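Worksheet: one structure, shown below.
Start at 1 with the first residue, then count along the sequence. Keep in mind the model is a prediction, meaning the values are calculated, not measured.
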Amino acid sequence: MSNRDSVEFSFIFFKQDISKLLVVGIFTFIGFILGYWAGRPRTVISTYDNKFDDAVSTDRKNTLSDEDKDYIS
């Protein structure tokens, strides 16, 4: 909490006197948001999902041999 003094920060288009504590807090918050966004779980399309059955080509299913079809079933 010793960073309360005001200093001049030079942003892209302007300069402003802002508390160092406020700037550290804002950028910490932005860092958490970007970290969550980069590390969030992705949606994976699986061939086992019923709602994505149309996404799987029927041509791929027909290229399996009878032995492979028996193994999968």
Side-chain angles (χ1 to χ4, degrees):
M1 295 306 253
S2 63
N3 290 329
R4 287 194 219 156
D5 53 330
S6 182
V7 291
E8 183 177 313
F9 280 95
S10 179
F11 295 102
I12 296 173
F13 297 111
F14 62 93
K15 294 181 180 182
Q16 182 72 32
D17 287 336
I18 301 176
S19 167
K20 285 193 262 182
L21 184 62
L22 181 64
V23 172
V24 168
I26 289 171
F27 282 103
T28 300
F29 179 73
I30 291 171
F32 278 116
I33 297 297
L34 291 176
Y36 174 77
W37 179 74
R40 72 185 186 282
R42 305 282 193 260
T43 302
V44 178
I45 297 175
S46 173
T47 57
Y48 298 110
D49 293 339
N50 291 335
K51 64 181 180 178
F52 296 111
D53 278 342
D54 296 336
V56 178
S57 161
T58 57
D59 295 336
R60 281 181 50 197
K61 291 180 181 178
N62 293 336
T63 59
L64 293 175
S65 67
D66 291 333
E67 181 181 327
D68 291 339
K69 289 178 185 176
D70 290 337
Y71 178 77
I72 292 172
S73 299

If we check side chain to side chain contact (heavy atoms under 4.5 Å, CB included) with Phe9, which of these qualifies: Asp17, Val23, Leu22? Val23
Kindly compute the distance separating CD (Gln16) from OG (Ser10), expressed to the nearest 0.5 Å. 11.0 Å
Under 4.5 Å between side-chain heavy atoms, chaining through other members, with only Ile, Leu, Val, Met, Phe, Trp and Tyr counted: pull out the rest of the cluster around Ile33, sorted by chain and number. Phe29
Identify, with sequence neighbours excluded, every residue that meets side chain to side chain donor-acceptor pair (under 3.5 Å) alongside Asp70. none
Tell me whether Glu8 at atom CD has more than 12 heavy atoms from other residues, nucleotides or ligands lying less than 6.0 Å away. yes
Could you state the interatomic distance from OG (Ser19) to CD1 (Ile26), rounded to the nearest 0.5 Å? 9.5 Å
Taking Phe14 as the starting point, is it possible to reach Ile18 by hopping between hydrophobic residues whose side chains are less than 4.5 Å apart? yes
